[in-house]
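As structure tokens, the structure follows; a few thoughts come after it.
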Amino acid sequence: MPRFLIILVIALLGASGGNAAKKKQRTIRSAQTEQQATQKKIKETTKKLNDNSAQTEKELNKLNLLRGEITQKERQILETRSQIDTLSNSITKAQDQLDDLNNRLEQLKNAYKTALRRLQGTQYATNELAYIFGSESFTKAYSRIRYTQEFANWRRRKSKEIKETLAKIEQKKAQLATLHSERATSLSALSSDQAILKAKQDETDKTVAKLQRDGVNLQRALDKEKKRLKSIDNEISKMIEVERREREQQKKKQQDQKKGGTTKQKDSKTTPAKSKGGTTATKPKTKIDNSDPDAAMTSKFAAGKGSMLFPVASPYRIVAKYGSSNGQPYNTGIEIVLDGSANVRSIFEGTVSRIFQNHDGNYSIMVRHGAYITVYYNIGSLSVKAKEKVTAGQTLGRAATDARYGKPMLHFEVRKGSETLNPLSWVR
């Protein structure tokens, strides 16, 4: 082969090899770039999904607050309507009383006018002394003196009655004016509250529609809420079961002690003893008291249903009702966001049977009322101790702040044994 052909072949082979190396190098670099771009896209997508989920949860919490505000506003409207009805009844009653007073005044005035008319043209009307001394006899003069005295007294009484009636009329008119003013104020407040309620209902509808459009994230948020509520229920149920076992053990121990004491007493009291006549005498057995010491408290608590204190005294909003409402997961109690003081109070007298720490580090307080239990969940700081007796309205502690709402929040339950009850049926 000629030398220049050999050089040409070597040159071509070298160029081909270089191109292959460059092609291979570009492919690896491209793959790395694509991998980085994919990872970035995955990261951005994940962040977007998380942001969307967080936004959905935020909207769901906003919806809960709106529903709480609507419930509160509905309650205010109901109270205002009741006030308006009461004021309307008072106005009707006051108007009837005013009409009666006006009729009474008219009667008094007519009677007074009639009496004065009868005197016209008489000697008495011209001159009282002439009327008396113009009598034909002493007896008649004495009668006229008594008549003039009685008539003067009658005039004074009637004049006084007329003045008193006029004063009562003015007082009743002032009362009516006040009632009308209060009613107008209440009607204005009612109109304003109804407008606010309508606006909040419209905002709620928009929020619901927005959440429904994002079905996947909404379901994810509801599942998360369901898990949270289930966790609360499990914690409370577990503590109630522990407390139930402790009570049973304590009760059994007391019964055993009482039974042991009764047996000793029985042995000492029923030992046959000979009487003076030689016969054997047996003393009567001691009666054992098997009554339930909690029965009285159970009955007292049950009798107070619907009239007990609300667990907080400050302004509040119920953001989650008992049971399953508005598509929300089942709730074994109610959840209350506090807009004022974070103090939590006992709704009824009882005994703090147990205080336990929740999974998040906050506390739950169980107050026993016989067979009934009230549970105050999410307490940040305590004001009572276990086994302490408490009165209705006594502060138990302060509710901890809930990150979802940025305000103190209380989860409150009423139970009878393991059975959950609607708290709103017990408090006023």
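Sequence positions, counted from 1, serve as the residue numbers for this chain. Values in this document were obtained by computation on a predicted structure and should not be read as measured data.
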| Do Ile365 and Leu382 come close enough that some side-chain heavy atom pair is under 4.5 Å? | yes
Minimum side-chain heavy-atom gap Ile318-Phe310 below 4.5 Å
yes
Side chain His369, main chain Met297, donor-acceptor under 3.5 Å: no
**Prompt:** Does the distance from a Lys or Arg side-chain N to an Asp or Glu carboxylate O, for Lys62 and Glu203, drop under 4.0 Å?
**Reply:** yes
Note: Ser346 and Val367 closest approach over all heavy atoms is OG-CG1, 4.3 Å
query: Looking at side-chain heavy atoms only, is the closest gap between Glu335 and Ile232 below 4.5 Å?
result: yes
Quick check against the 3.5 Å criterion: does Asn378 have a side-chain atom that pairs as donor or acceptor with the backbone of His411?
no
(request) Taking Ser192 for its side chain and Ser188 for its backbone only, find out whether a donor-acceptor pair lies under 3.5 Å. (result) no
| task | Evaluate the criterion side-chain contact (heavy atoms from CB on, under 4.5 Å) for residue pair Arg228 and Lys224; output intermediate values, then yes/no. | result | CA-CA 6 Å; Arg228 184 184 72 84; Lys224 186 178 179 180; over 6 Å; no
- Answer whether the closest heavy-atom distance between the side chains of Val375 and Met239 falls below 4.5 Å. no
Result for side chain to side chain contact (heavy atoms under 4.5 Å, CB included) between Ser90 and one of Asp85, Leu179, Thr178 points to Leu179
Between Arg157 and Glu161, does any side-chain N to carboxylate O distance fall below 4.0 Å? no
- Query: Less than 4.5 Å apart, any side-chain heavy atom of Pro329 and any of Leu222?
  - Reply: yes
Is there side-chain contact between Leu424 and Tyr322, with heavy atoms separated by less than 4.5 Å?
-> no
Scanning both residues in full, the closest heavy-atom pair of Ala392 with Leu309 reads C-CD1, 3.8 Å
Can you tell if the side chain of Leu229 reaches within under 4.5 Å of the side chain of Tyr330, non-hydrogen atoms only?
no
Test ring pair (Phe, Tyr, Trp, His ring centres under 6.0 Å), reference Trp426, set Phe412, Phe348, Phe301, output is Phe301
CG (Leu421) and OG1 (Thr374) are apart, to the nearest 0.5 Å, by 11.5 Å
Output yes when a side-chain donor or acceptor of Ser82 lies under 3.5 Å from a complementary backbone atom of Leu78, and no otherwise. no
Original post:
When you look at Glu57 and Asn61, which way does the side chain to side chain donor-acceptor pair (under 3.5 Å) test go after all the steps?
Top reply: CA-CA 6 Å; Glu57 287 182 25; Asn61 295 334; 5.7 Å; no
Closest non-hydrogen atoms of Thr80 and Ser186, given as atom of the first, atom of the second and distance, are CG2-O, 3.3 Å
Hey, is NZ on Lys321 packed in by over 12 heavy atoms from elsewhere, all under 6.0 Å? no
Rounding to 0.5 Å, atoms CZ (Arg213) and CG (Leu218) come to a distance of 12.0 Å
Arg398 vs Ile379 side-chain heavy atoms within contact, under 4.5 Å:
no
Applying side-chain contact (heavy atoms from CB on, under 4.5 Å) to Tyr377 and Glu235, what does each step give before you reach the verdict?
CA-CA 10 Å; Tyr377 187 98; Glu235 283 185 283; 2.6 Å; yes
key: Under 3.5 Å side-chain donor-acceptor pair for Gln107 and Asn103   = no
Item to complete: For Lys252 and Gln255, run side chain to side chain donor-acceptor pair (under 3.5 Å): C-alpha distance rounded to whole Å, both residues' side-chain angles, the deciding distance at 0.1 Å, then the answer.
Response: CA-CA 5 Å; Lys252 187 176 183 301; Gln255 287 176 343; over 6 Å; no
Q: Before accepting this row, confirm whether a basic side-chain N of the pair Asp202/Lys198 lies closer than 4.0 Å to the acidic partner's carboxylate O.
A: yes
| query | Is a side-chain N or O of Thr298 found less than 3.5 angstrom from the main chain of Ala371, in a donor-acceptor match? | reply | yes
Tightest non-hydrogen contact, residues Ile84 and Arg183, listed as CG2-NE, 4.2 Å
Verdict with supporting geometry, Lys168 and Arg104, side-chain contact (heavy atoms from CB on, under 4.5 Å):
CA-CA 11 Å; Lys168 287 180 181 178; Arg104 173 66 179 157; over 6 Å; no
Examine the side chains of Gln219 and Asp223 and answer whether a donor and an acceptor come within less than 3.5 Å of each other.
yes
Check: Between the side chain of Thr395 and the main-chain N/O of Gly397, is any donor-acceptor distance below 3.5 Å?
Finding: no
With Ser353 as partner, the option from Glu243, Arg244, Lys387 fulfilling side-chain hydrogen bond (donor to acceptor under 3.5 Å, both in side chains) is Glu243
Practice item. Would you please say whether a donor-acceptor pair under 3.5 Å links the side chains of Lys172 and Gln175? Key: yes
- Asp233/Arg415 salt bridge by N-O under 4.0 Å criterion: yes
Can you confirm whether Gln171 is buried at CD, in the sense that more than 12 heavy atoms of other residues, nucleotides or ligands lie under 6.0 Å from that atom?
no
Does a salt bridge link Asp294 with Arg247, judged by any charged N lying under 4.0 Å from a carboxylate O?
yes
Could you go step by step and tell me if Glu106 and Lys109 meet the salt bridge (Lys or Arg N to Asp or Glu O under 4.0 Å) rule?
CA-CA 5 Å; Glu106 194 63 29; Lys109 284 181 177 179; 5.5 Å; no
Between the CD1 atom in Ile169 and the CG atom in Leu176, the distance rounded to the nearest 0.5 Å is 12.0 Å
What one should report as the nearest heavy-atom pair of Ser364 and Asn358 is OG-OD1, 2.8 Å
- Query: Is a side-chain N or O of Glu59 found less than 3.5 angstrom from the main chain of Thr207, in a donor-acceptor match?
  - Reply: no
**Message:** For a side-chain contact (heavy atoms from CB on, under 4.5 Å) check, start with the C-alpha distance between Val319 and Arg404, then their side-chain angles and the critical distance, and finish with the verdict.
**Reply:** CA-CA 11 Å; Val319 296; Arg404 296 173 300 163; over 6 Å; no
Subject >> Backbone N/O of Ala295 and side chain of Ser299: donor-acceptor pair under 3.5 Å >> reply: no
What one should report as the nearest heavy-atom pair of Tyr372 and Ala302 is OH-CB, 3.9 Å
Rounded to the nearest 0.5 Å, the CG atom of Leu65 sits from the NZ atom of Lys407 at a distance of 8.0 Å
To the nearest 0.5 Å, atom CD of Glu182 lies from atom OG1 of Thr86 at 11.0 Å
So CG of Leu187 and CD of Gln83: to nearest 0.5 Å the spacing works out to 11.0 Å
